[in-house]
Q: 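Attaching a single structure in structure tokens format; questions to follow.
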Protein chains: 2
Amino acid sequence: MSKQALPVVGPDPVACCPPIAVRPMDADQAAVVAPMFKALGDPVRLRLMSMIASVPEICVCDLTPAFDLSGPTISHHLKVLREAGLVDSERRGTWVWYRVRPDAFRQLGALLEISTRDGGA
Amino acid sequence: MSKQALPVVGPDPVACCPPIAVRPMDADQAAVVAPMFKALGDPVRLRLMSMIASVPEICVCDLTPAFDLSGPTISHHLKVLREAGLVDSERRGTWVWYRVRPDAFRQLGALLEISTRDGGA
DNA sequence: ATGCTGTTTTGAAGTCTGTCAACCTAGAGG
DNA sequence: CCTCTAGGTTGACAGACTTCAAAACAGCAT
């Protein structure tokens with residue numbers, strides 16, 4: 001029963017996207033996935049993503065002091081991560097908490113899985 | 001003995017970089033890795049990377065016709081992938097062949113591995 | 001040598017990105 | 001109501017990115 005109805009909230013990572021080393025990616029799929037990689041393509045955002053992914057959730061007030069950047073700049077980078085679908089945010093009282101979106105994260109990981117095509121290349 | 005002297009051609013993917021969901025990434029590491037993600041953050045380059053990674057090696061002459069872009073533009077994108085350390089190129093006679101760099105590819109995959117920290121978040 | 005084909009480099013135009021200052025909004029607490 | 005703090009939004013600017021045309025380079029074949 002539990003296998004019959006998969007919890008497909010978004011597209012299933014693997015079913016939708018075999019690793020890029022297995023089959024050439026078509027233009028449509030690339031247009032969807034590239035923005036996710038792009039979001040991770042900035043050192044600040046990569047660190048933000050890592051800080052968020054390393055804990056169940058984290059407050060912006062704990063993210064900002066880790067950088068020599070203004071609040072608006074951090075806010076901007078968080079927005080990019082949010083719009084790429086990599087993280088979610090939720091206001092609880094005074095503070096805003098960020099959380100990784102595991103499905104998106106898994107999808108990216110699946111795309112970079114090494115091909116089992118051979119043992120050499 | 002075999003464990004004592006690791007074949008460290010480049011930095012060992014896993015030893016150097018635990019998944020970003022395990023431990024926050026420091027600024028130095030982010031500065032090294034972000035350009036790789038950035039290189040994959042363009043739809044054209046993502047497709048190029050996928051085409052290259054799907055086969056042992058591939059000629060530029062087989063890459064260019066897959067896009068509605070000029071030769072120089074494709075060449076530029078290939079250069080970005082090359083300088084990010086994701087692919088290698090080799091001229092053989094008239095044509096230039098591109099090949100994925102498995103170590104870099106593995107490193108990126110390892111970074112996106114899902115944390116085994118828990119089953120919930 | 002001369003030409004032909006495949007690939008890269010150079011130069012330039014237009015667009016996008018990262019950053020901050022200034023301002024605005026949401027909630028807590030008088 | 002007002003004030004204070006935490007975050008986000010807007011506007012602006014310097015620098016980077018994508019793209020192409022033109023030129024340069026590399027190798028094969030007359």
Side-chain angles (χ1 to χ4, degrees), chain A residues 25 27 30-52 55 57-100, chain B residues 25 27 30-52 55 57-100:
Chain A
M25 200 172 224
V32 172
V33 176
M36 299 191 193
F37 283 117
K38 188 178 196 173
L40 297 181
D42 178 277
V44 173
R45 286 195 295 267
L46 189 53
R47 286 180 62 201
L48 284 169
M49 184 70 187
S50 179
M51 293 174 74
I52 296 169
V55 294
E57 62 181 357
I58 188 168
C59 172
V60 174
C61 61
D62 288 326
L63 293 171
T64 305
F67 300 85
D68 281 336
L69 291 171
S70 67
T73 298
I74 298 297
S75 187
H76 159 70
H77 284 305
L78 288 172
K79 183 179 186 177
V80 173
L81 289 174
R82 231 185 308 125
E83 290 181 340
L86 293 172
V87 302
D88 254 342
S89 67
E90 181 194 353
R91 168 158 237 136
R92 277 209 297 281
T94 304
W95 295 286
V96 177
W97 296 83
Y98 277 76
R99 193 182 311 100
V100 75
Chain B
M25 201 172 224
V32 173
V33 177
M36 298 190 194
F37 283 119
K38 188 178 196 171
L40 297 182
D42 179 276
V44 173
R45 286 196 295 268
L46 189 54
R47 285 180 63 198
L48 284 170
M49 184 70 187
S50 179
M51 292 173 75
I52 296 169
V55 294
E57 61 182 358
I58 187 168
C59 172
V60 174
C61 61
D62 288 326
L63 293 171
T64 305
F67 301 84
D68 281 336
L69 291 171
S70 67
T73 296
I74 297 297
S75 186
H76 159 71
H77 283 303
L78 288 172
K79 183 180 187 177
V80 173
L81 289 173
R82 231 186 307 126
E83 290 181 341
L86 292 172
V87 302
D88 254 341
S89 66
E90 181 193 355
R91 168 156 237 138
R92 277 208 299 278
T94 304
W95 295 286
V96 177
W97 296 83
Y98 276 76
R99 193 182 308 100
V100 75

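Residue numbering restarts at 1 for every chain, and letters A, B, ... go by the order of the sequence lines.
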Q: Whole angstrom is fine here: how far is it from CZ in B:R91 over to C1' in D:dC28?
A: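 Spelled out: CZ on B:R91 to C1' on D:dC28 is 11 Å.
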Q: Between B:T64 and B:V60, is there a donor-acceptor pair closer than 3.5 Å when you use the side chain of the first and the backbone of the second?
A: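 Yes; at least one donor-acceptor contact below 3.5 Å.
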Q: Taking atom C1' of D:dG27 as reference, at what distance in whole Å does atom CH2 of B:W97 sit?
A: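 It works out to 15 Å between those atoms.
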Q: Would you say a side-chain N or O of A:Y98 is under 4.0 Å from OP1 or OP2 of D:dA6?
A: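 Checking A:Y98 against D:dA6: no side-chain N or O falls below 4.0 Å of OP1 or OP2.
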Q: For the side chain of A:C61, starting at C-beta, report the closest nucleotide among C:dT9, D:dG7, D:dA26.
A: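 Nearest nucleotide to the side chain: D:dG7.
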Q: Between CZ of B:R82 and OG of B:S75, what distance do you get to the nearest 0.5 Å?
A: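 Answer for the CZ-OG pair, B:R82 versus B:S75, is 6.5 Å.
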Q: Nearest whole angstrom, please: distance from the C1' of C:dT7 to the CG of B:D62.
A: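 For the pair B:D62 CG and C:dT7 C1', the rounded distance is 14 Å.
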Q: If you restrict it to nitrogen or oxygen atoms, what contacts under 3.5 Å exist between nucleotides 14-21 of chain D and the protein, and what is each distance?
A:
unit_1, atom_1, unit_2, atom_2, d
D:dC17, OP1, B:K38, NZ, 3.2
D:dT18, OP1, B:R45, NH1, 3.2
D:dT18, OP1, B:R45, NH2, 3.0
D:dT18, OP2, B:R45, NH1, 3.3
D:dT19, OP2, B:H77, NE2, 2.3
D:dC20, OP2, B:S70, N, 3.0
D:dC20, OP2, B:S70, OG, 2.9
D:dC20, OP2, B:T73, OG1, 2.5

Q: Rounding to a whole Å, what distance do you find between A:L48:CG and D:dG7:C1'?
A: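 One finds 14 Å between C1' of D:dG7 and CG of A:L48, rounded.
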Q: Any chance you could measure B:L86, atom CG, to B:L78, atom CG, to the nearest 0.5 Å?
A: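 Separation between the atoms: 11.5 Å.
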Q: Tell me the interatomic distance from A:K79, atom NZ, to C:dG18, atom P, rounded to whole angstroms.
A: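 Taking atom P of C:dG18 as the reference, NZ of A:K79 is at 13 Å.
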Q: So does A:T94 get a side-chain nitrogen or oxygen closer than 4.0 Å to the phosphate oxygens (OP1/OP2) of C:dG27?
A: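 So the side-chain polar atoms of A:T94 never come under 4.0 Å of the phosphate oxygens OP1 or OP2 of C:dG27.
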Q: Which nucleotide in the list D:dG8, D:dT9, C:dG6 gets nearest to the side chain of B:W95?
A: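 Nearest to the side-chain atoms of B:W95, counting from C-beta on, is C:dG6.
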